[in-house]
Protein chains: 2
Amino acid sequence: EESVVAGVAVDKGQSKITVVGVPDVPGTAAQIFTVVAKADVNIDMIVQNIAASKTNLSDISFTLPADDFKKAVAALESAKATLGFDSLQLDEKIGKLSIVGSGMKTHSGVSATLFGALAKAGVNIEMISTSEIRISVVTNIDQVDEAAKVVHTAFGLDGEAEAVVYA
Amino acid sequence: EESVVAGVAVDKGQSKITVVGVPDVPGTAAQIFTVVAKADVNIDMIVQNIAASKTNLSDISFTLPADDFKKAVAALESAKATLGFDSLQLDEKIGKLSIVGSGMKTHSGVSATLFGALAKAGVNIEMISTSEIRISVVTNIDQVDEAAKVVHTAFGLDGEAEAVVYA
Ligand SMILES: C[C@@H](O)[C@H](N)C(=O)O
Ligand SMILES: C[C@@H](O)[C@H](N)C(=O)O
């Protein structure tokens, strides 16, 4: 199946929260997101990688509208004893850049192109999350507009498609 | 915007590779996925969380068709010196469970329900990756069918929608 990259989306309206050092056992993720849901917080991306083999602890990150940031942090802090995390790693302003398209399940070449363009521009990739129709990276908010330009060029989208920019 | 969960998808045909302990600097992800692309490997999910603050090292995981597993491992092992990773954490058979729907950007309640159902069934969540239309978790392959049942029930999908099962 062919991969098609249709456009680039930039979102500069989000924050990121990482719940650091949680036990990799059933119930952990449920507890965290129940706390967040009860605080009436909207969520965009959730990213969790495998636990560290030595510690059996994992980190769970999520992004959310900047307007919900303080509310989410407060809810997690007050539940700290129950949730048992080590710390929260917070980033009130992040850049989220996505390439959107289709057939990206066969997309190792698409990923290599995206990551290569970012690397050449000196943009560090803080988080990666993908689906068949979207490859998203989190970057420093000050680098994301430049990142969008180089990614447009890398996929030959200049002059054809505008970056979709969210406030 | 309302969140709608339309169905549950189970995929038992994938493997997972984690490239452990890579420097969190521009170029790392590009190099890894260039090696993978050159090996002509198809990729499904890529998951990378933020680096560990003490070490500035990150882990990059990806899932792929089980048929591509050996080829991908071989390519990464032979590029080890260039890529500079600590180790590869390998899982030749994983379960991937997804809930598919729409409007899941406002989905903290949907995530809480999904993770809660898995927790109650004693299914450990190894990785999480989300988009507006899909929330995916990686589980042990032996638990994923049971996981699909409890998730169906949790979202009231019993009798209405069949789990979409990939070989
Ligand atoms: C880390 C977290 O995802 C845990 N494994 C759980 O199942 O809830
Ligand atoms: C870890 C990896 O994503 C690195 N930050 C990069 O930009 O390539």
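Order of the sequence lines fixes the chain letters, A, B, ..., with proteins taken first and strands second; residue numbering starts at 1 for each chain.
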Can you check whether anything in residues 70-81 of chain B gets within less than 4.5 Å of chain A, heavy-atom wise, and list it by number?
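Listed by number, there are no contacting residues, so the answer is none.
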Just wondering, do [Y] and [X] contact through their side chains at under 4.5 Å, heavy atoms?
| X | Y | result |
| --- | --- | --- |
| A:Ile32 | B:Phe115 | no |
| B:Lys96 | B:Met45 | yes |
| A:Gln48 | B:Ile125 | yes |
| B:Val8 | B:Phe155 | no |
| B:Met127 | B:Ile94 | no |
| A:His152 | A:Lys149 | no |

I need the contact set between residues 54-64 of chain A and chain B: heavy-atom distance under 4.5 Å, sorted by residue number.
A:Asp59, A:Ile60, A:Ser61
Filtered by a 4.5 Å non-hydrogen cutoff, the part of residues 137-144 of chain A contacting chain B is none
Look at the side chain of B:Ser108 and the backbone N and O of A:Val41, then say whether any donor-acceptor pair between them is shorter than 3.5 Å.
yes
Assigning hydrophobic clusters by single linkage (Ile, Leu, Val, Met, Phe, Trp, Tyr; side-chain heavy-atom cutoff under 4.5 Å), is A:Leu83 placed with A:Leu90?
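Linked, A:Leu83 and A:Leu90 end up in one cluster.
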In terms of heavy-atom proximity below 4.5 Å to chain A, should B:Leu114 be classed as side chain, backbone, both, or neither?
neither
At a heavy-atom separation under 4.5 Å, does B:Lys16 approach chain A through its side chain, its backbone, both, or neither?
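Contact with chain A: side chain only.
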Let's test your reading of the structure: which of B:Asp68, B:Ile46, B:Ile135, B:Thr34 forms the most heavy-atom pairs below 4.5 Å with chain A?
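Sorted descending by pairs with chain A, the first entry is B:Ile46.
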B:Ile133, B:Ile50, B:Asp40, B:Leu118: which one forms the most heavy-atom pairs within less than 4.5 Å of chain A?
B:Ile50
Could you tell me if A:Ser129 and A:Ser136 have a donor-acceptor pair between their side chains, going purely by distance under 3.5 Å?
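Per modelled atom types, A:Ser136 and A:Ser129 side chains form no pair under 3.5 Å.
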Which region of A:Val47, side chain (C-beta onward) or backbone (N, CA, C, O), has a non-hydrogen atom less than 4.5 Å from a non-hydrogen atom of chain B, or is it both or neither?
both
With a 4.5 angstrom heavy-atom cut-off, which part of A:Thr18 approaches chain B: side chain, backbone, both or neither?
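For A:Thr18, the contact with chain B is made by the side chain alone.
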Side chain to side chain donor-acceptor pair (under 3.5 Å) contacts touching residues 22-31 of chain B (sequence neighbours left out):
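Checked against side chain to side chain donor-acceptor pair (under 3.5 Å) - neighbours excluded - the pairs reaching residues 22-31 of chain B are A:Asn124-B:Asp24.
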